[in-house]
Each structure stands twice: as structure tokens, then as C-alpha cells.
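Accompanying notes for the structure given below.
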Amino acid sequence: MSGRSVHSILIGLVCLTIASAVCFSSVGSSDNIIMFSEGERHALLQIKQGLVDESDSLASWKGEKDCCDWRGIGCNTQTGHVTSLNISYSIESYYFFSPSEVPLRGEISPSLLDLPYLNYLDFSFVDFQGIVIPKFLGSLSRLKKLRLRECNFSGPLPPQLGNLTNLHILDLSWNRFASLENIEWLTYLSSLRYLGMSKLDFSKFLNWPQSLSKLTSLRELQLSTCNLPDVNPRSISLINSSTSLQFLDLSFNSLNSTSIFYWIANVSTNFVQIDLSSNNLESGIPKGFQNLCSLESLFLSFNNISGNIEGSIKALSCAKNTLEALYFSYNQFWGSIPELTGFSKLRLFDLSSNHLSGSLPESIGQLSSLEILRLNNNYMSGVITESHFRNLSRLQHLRLDDGNHFSMKLSSDWNPPFQLTGELSMAYCNVGPDFPKWTLTQTNIEALYLYSAGISGSLPHDFGDLIPVGLEHIDLSTNQIHGKLPNLSTTSLTSVDLSSNWFSGAVPLFPPTLRSLDLSYNMFSVPLSSICAPSFGAHSPLLNLDISHNLLTGELPNCWMQFQQLISLNLGWNRLSGKLPSSLGNLEGIQVMRLHENNFSGELPSFENCTRLQMVDLGNNNLSGKIPAWIGQSLIRLVILRLRSNEFNGTIPLSLCNLAFVHVLDLSHNNISGALPHCFNIISFLASDGDILASGGASIVWKGIQIEFAKNLAGMRSIDMSSNYLVGELPEGIASMTELKSLNLSRNRLTGKLPQDFGNMKMLESLDLSRNNLSGEIPASFSTLNFLGVLDVSHNQLSGRIPVGTQLQGFNASVYMGNPGLCGVPLTQLCSGNGTTPTDDNKERHDNDGHISLGFLISAVLGFITGFWVVCGSLLLESSWRYAYFKFFDDSRDWIYVKMALYKAKLQRRLLQR
């Protein structure tokens, strides 16, 4: 064997040895991976066992599969160890999950400790049902990210979390922890870059700024809704300025001191986003903000800031080249908007709901990046021209409405440089007199609001064809637009408000997508036949239909079965006639039905299936028949029932006592007879202000005047059954209707006495019991009705003294007239000492002497009879007596005649001598 061969053999042996070593090493590594994966797989299965997974979102967690392939598990690709565990729901999934998707709930298993290489743990939106965060989480020393957002934890925060010194992200937001008194353990998390503790109670932790300033690596701080105490101005100088903190959220606290501004300006010079919205800040932005040259977004909405808007914007001059969003809405900023030259990156500018005045500077038209401009709800005015929009090619949302009175001077053929994708609102601005056609060139616009915009004349004849395909909401109400309304059936509109204009003719066709239609206060006439047009479809999505206060005539079409989703129907104040169609009873979802002030006749169709009805107003028609018992049996949610001024007859059904939630019950001016139900006091027993829905109001006779109630309808409690033929006494317990504000039972045939406890109805503002046959005294408890503004008990049979009270003596005497037995102020008929009228007093005295008067009369009669027969009888029986009696009268007559003649002669002589 040659030396070369031996050398080759030796080299081969060496290679074989190395290959064997590598092979055994690989086998050993493989064994280690299997060993570690088995233990961590078992730990994960134990974690799953402690959770309730109704949606089977952890279905992939099965023993036969590699755990690195399970949902939410991340492993190191080299070692195979589990390094990431994320079983959270996304925010979208949590807030918008379908009924089949239910978040996980349960407990945190200690088996987490068997995942020693874990560096990312996210349980966000898992419901841990009020348990305390386990202390053993502080032993997961390799953790860099810990997210426990909105997990329904409670109790104190374990200080062991301070052991997680490698943490970069800690999110404990939106749980129900106990009030924080000490979070010094946070200062040990020196590597922390993100800290989310929103919704934690910091009210007792006064030195929170000093503690948080020690987190020198912190970039984002989320402390929304934390009851943060105000920053102590003396502590600001102790805080070292840094460049780490960039994103700060202190919204929804009760901060009311300007010191928070100075703390922000001192704590970092590298802010990108600051959110101080929904606090109680009062002063504008201080000069210290001039050092924030990297600021991109500033949120100050919903505060009480009352500074000059010019000073606050100038304080941001250093950041004008970086600012992209300024939210200053819902404050009390005043003054005029300054020139905005230089804010080249500003995308969102929201100054709505302030006290700004003056005109809009033309420099607004130089903000070429502007996408959203909101100036609504201010007091601005002046002329807006095309120069204000010259370079706004990216504009998407524009609101100039409500409170402002801009005048739009734009040429009729103006072609805007922008294409809006959101809303355009110029309400209360003068955009007329012609309809601004340029608004219809915005092909991607979603909402167009031009109410109270000074538009007159008629709409373009091709208006329906010009409406952009994506336009969903249009409001042209409260203008002076006249003429016929074009066909809109080919549009995609979902909400149309053309109320308070001068439209006439027939109600046109509308698209099948329509959900709300308001044509009230116009002059539409002819029968309402278009409502049955096929364009609405068999299952219309229409929710609200208001064509009230028009001139509609004819009968109501019988096609209401196709409007199954209809919630509110208002056809009041028209000239509709005929019987109510039976298909109205198919509106099972309806809550408001207003057909008042028309000429409908006949009996009511059955509304038994309309069990969600809260308002039924059929007043001032010619409806007849008995009030159906099903009203109280099926419509138990009724809040307003108004059947006044019809021809209903019969008695009040006892089932109306089931209307325990009713606020307004008006059956007045009908032909209803019989007695008030004995359960009358139960009506309105359970009514509360929360029962009233946003129904657009109701027409109610209040204190003798018909008023359209809207926002203040919630506090109304009224029962009116006047001008009927009701008989009998007032039901017992009527005074238990303690929340009632108006009661009118006048012009009936009620009898009996007023309840002594009537004064328990302390909320009464109007009471009319006039023109009945009520008797007895006015109860003394009437004097406690301190809110009574209208009272009428005239033309009854009441008697006695009017109770003394501030309210009762302040009324005109006419409210008590027609009660002969009443006395006392304000009547001129005074009461005697015992509280009765003088006439009654004389009668009482005679009554007290009744026995003497009767004896006297008997004696007088007997004396007359005896005297007559003693004198006259003797004259008849004795002729000599009779001759002497008559001779005496003859002689007396002659003597008197002679004396009178002599006196007359003397008187004449004396007159002649003179």
C-alpha cells in the first residue's frame, strides 16, 4: 500500500467520523425538539381546557397536530419553542361579531408557566368574568408584549407585573380594576414603549406625571377615561423633557387646568399626536406648544376652551408644515379664522360648534391637501366665492351649515375642482335663488343638505336624472321651491326631506330603496295613488312616511301590506275621506299612526296586529261606532291615544284601563255615554318620560289651546274626556293619578261630590270640571295644587266656601260661576262666619226656629177663624147689631167727608190771599 493510499484512507476515516458526529448531533437535536414540543403542546391544551369556546375558534388545537400550526400560536423556526400566544379577537370581530361568533371566556391556566420561551401574549377581548389578574404572569420574564385589553378583569393590579422588565408593550385598557393608589412598579419597566391603561381609575394617584416621566423609552401613552387628577404646576419643573413620547391620549378625563398643556410641552418635544378631547379645559393653546414642531394631529374637541382661535392657531406655527388634523369642535373659541398660509399638509380642519364670527379667509383655498372642512354651528358670515375652493382638489366633506349665514356667489356654470365623497351641507347659507346645479356634479356624494338655503323657483326638469348614483340623503326642506316634483324612482335615495316648500300636483314615484320620506307642509293634491306603485316593491324598506299638512284628497289606497317595516305614518291635516283601509292593520311594526284632521268616516278597522303602536292620532275626523275593546287589549304600549272630535258612541271599554303607559288620552267631543270606568285611576299609572319615542310630536289641546308638542311631549300627562254624555260619580281613587298634569271632564253629566284627597294630584296644571252636576263643597286639599294655572268648576251644584289658597283666589270669578251655593273670594258673594252664603244663613235661622214658626202659624189660623165667627157671626145672627155696625160706618164716612171738604176750602182761601 502506497503512502498516497494510506493518506486517502485516513482522510476518509476522518470524514466518516465527522459525518457520524453530525448525524448523531442531528438526531439528538431532533429528540430535543420533540421533547420540548410535547411539553408545550400539553400546556396549550391545559390552557384551552380552562376556556369556554362556544364558537369553536380553537378547533385547530388538537393533540395529533403540530402545535406550531394551531391558530394563534407562533414558534421559533430554529428551536421549535412556542414564543407567541394570541387568542384575542380583533376589535372589528369583538364589536361586530355575528350571533354565531361568541368571544372566549373562562380563566387563565397556570400552565402558561410551562411556556418558558413566551415573549408575546395577547388575550384581548377574552372574557375572564371579573377575576383578578393572576400574580404568576409576573414570572413570564421573557415577555416583550402583554395585551390584556378589555378582558373583564377586576380587583387590584398585581405589582408582580413590575418583574416583566423586558416588556415593550403593556395594554391593560378597558378593564374594571380597582382605583390605583400606587403604580411605582411601572418605573421598573424601563424598556416600555407602549402603555395602555385607559379606563383605570387614577383619581387617587396624584403624582402620575412624575412616575410616568421615568419611562424614558415610552413612545405611546393611552390614558383615556382615567379620572386623571390635574397636574400640579409645581411638579412640572421636576420633569425632564425627552424626545421619546410621540402619541398621547388623555381624552375623556376631567382635566380643567392649563397646567396639562405646560406638562405636555415639557414632557416631550417630539409629539406626533395629542388627544385632549372631552375634558374641561378652558383656556386656549399656550405658547409652549410652539416647540412642538413634529405635531401632526391635535384633538381638543368637547372642552370649554374659550380662547381666541387666532391665538391658538398661531401657537401651532412651528408645526404648520407637519399638521394634518386639527379637531377644535364643540368649544367656545371666538374670533375670526386667521390666514392659514403655510399649513400645506392640513387634511382635516374641524372648527364646528364654536362661537366663531367673521368671514372665511380666502387662504383656505390654498390648502391643497384639505379633505374635510367643518365650520357648521358657528356665527360666521360673508361671501364665499370660487377663490375659496381654488386648490381644494382633494376635498371630500364640506359643512358650512347651522348658524352660519354665508352667501355663496358662484357662477351658474361653475365646475368645482373637487369630487366630494361624503356630505355637502350648506343649510342656512344663501345659495339661491336658483338651485345650485354644481352640487349635482358631485358624482360620489352621499348626502346633500340644503335646507333653509334661500332656494326658490323650481327644480331642474331633469333633476331626477342628474342626481348622482351614490347620493343617499337629500334635504331641501324649508325653502320656496315650487312646481311639480320630478320622478325620483330611478335614483338610489334612502332619505328624502322636501318639507316646507311649495310643491304641488301629485306625489311622484320614489325609488324602492327609500327608507324615509318627508313631504309635509307642501301643496300636494289629488288622491295618493303613487304610494301603491310597483316601484316601492312588495317588501318596501320604508320606515318613515310624512305627507301631513298638504291638500291630498280622495280615499286612502288599500295597499299598506307592502310596508311591513313602516314605523311612522303621518297623513294628518289633509282632505282625505272615506273609510280607513283594512290593510293598515297589516302594519305589524308601526309605532306611530297619525291620520288626524281629515274627513275619514265609518268604523275603525282592526289594528289588533299592530301591537307596537305607541301613538294613535285619529282626532278631528268623522269616525263612528264604538271604541273597540281591542285597543286596551292589544295596544298596551300606547303612549298617546287621541280620538277627539269624532262620532264615537257607546261606553268606554274597561280594557282601556290596561293603558298603564299612556301619557295622553283624549276621547273628547264624541257621543260617549255611561260612567267612567271604576279602574280609571290605573290609566297612565306606569307612564314615564322614557316611554316617549321620537315621533315628531303630537297635537294636544293644552289649557284650552291646540298645540303641536314635540320635544316637551315627554313630560306631558293629559286626560281629556270633555263634551260627551258621561254620567255617574267620579271614580274612587282618581286622586291617585299623582303625575297627571291636565284633566278635563267638562260638559258631561257627572254627579256626586269631589274626592276629599283631590289635592294629592299635586302636578295638576290644568283642571276643568265645568258644566256637570257635581255637588258638595270644594275640598280643602285644593289649596295645595300649587302648579294649577287653569281651573274651571263653573256651572255645577257646588256649595260652601272656596278654600283659601294662593292659586284658588288668583283665578277670575268666572271659573266658579253657576254654583249658587259657593261663596268667598274671588266671588262677590261673601260667606257668613260659619262658611255659608247669607241666603243660606237666613234659611238656617228659619230652620233653627222651625218649631216656633209652625206653632205661631197654627195659632194665627185658629185665632182668625175664632175672631171671624165671633164678630162676623154675631152680625149675621143679630139684626140690631148689624144695623148699628153699618150705621157706625156710614156716620164715620160722612164725618170724614165733611172734614176733608172744610180743609180743602181753607187751603184754597190761603192760596188766593197770597
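The first residue of the sequence shown is numbered 1, and numbering continues consecutively from there.
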_Atom pair OG (Ser357) and CH2 (Trp334), whose distance is rounded to the nearest 0.5 Å_ = 9.0 Å

*Looking only at side chains, do Ser268 and Asn270 share a donor and an acceptor under 3.5 Å apart?*
no

*Go through the side-chain N and O atoms of Gln419 and Thr443 and say whether any donor and acceptor fall under 3.5 Å apart.*
yes

*Less than 4.0 Å between a side-chain N and a carboxylate O, is that true for Arg390 and Glu386?*
no

_Pair Phe328 + Phe299: ring centers closer than 6.0 Å_ = no

*Closest heavy-atom contact between Ser530 and Pro508?*
OG-O, 3.7 Å

*Passing candidate, ring pair (Phe, Tyr, Trp, His ring centres under 6.0 Å) with Tyr428, options Phe406, Tyr379, Tyr451*: Tyr451

*Out of curiosity, Leu375 CG to Met380 CE, how far, rounded to the nearest 0.5 Å?*
5.5 Å

*Quick one: is the NZ or CZ of Arg147 closer than 6.0 Å to the six-membered ring centre of Tyr194, and within 45° of its axis?*
yes

_If I take atom CE from residue Met197 and atom SG from residue Cys226, how far apart are they, to the nearest 0.5 angstrom?_
8.0 Å

*Using a strict 4.0 Å threshold on nitrogen-to-oxygen distance, state whether Glu324 and Arg347 make a salt bridge.*
yes

*Grab the two heavy atoms, one from Lys320 and one from Thr341, that are nearest each other, plus how far apart they are.*
NZ-O, 4.1 Å

*Do the non-hydrogen side-chain atoms of Ile531 and Phe563 ever get within less than 4.5 Å of each other?*
yes

_Tell me if the CZ atom of Phe261 is crowded by more than 12 foreign heavy atoms within 6.0 Å._
yes

*Determine whether the side chains of Asn391 and Gln366 contain a donor N or O and an acceptor N or O closer than 3.5 Å.*
yes

*Do the side-chain N and O atoms of Gln564 and Gln562 include a donor-acceptor pair separated by under 3.5 angstrom?*
no

*Any chance the side chains of Ser251 and Ser224 put a donor and an acceptor closer than 3.5 Å?*
yes

*Will you find, in the side chains of Ser363 and Glu339, an N or O donor that is under 3.5 Å from an N or O acceptor?*
yes

*So, Ser329 and Ser301: side-chain donor and acceptor under 3.5 Å apart, yes or no?*
yes

*Heavy-atom donor-acceptor pair, Ser489 side chain to Leu509 backbone, under 3.5 Å*: no

*For Leu212 against Leu221, the heavy-atom pair lying closest together*: CD1-CD2, 3.8 Å

_Exercise: identify the closest heavy-atom pair between Trp263 and Pro209_ = NE1-CB, 3.5 Å

*asked:* Quick check: Tyr521 with Trp573 (ring centres under 6.0 Å apart)?
replied: no

*asked:* Treating Thr494 as the side-chain partner and Glu472 as the backbone partner, does any N or O pair qualify as donor plus acceptor under 3.5 Å?
replied: yes

*Over all heavy atoms of both residues, which pair between Asn404 and Asn377 is shortest? Give the atoms and the distance, please.*
ND2-N, 4.2 Å

_Test your reading of the model: is there a side-chain donor-acceptor pair from Asn522 to the backbone of Asn501, 3.5 Å cut-off?_
yes

*Considering non-hydrogen atoms only, spot the tightest contact between Leu424 and Trp438 and give its length.*
CD2-CH2, 3.8 Å

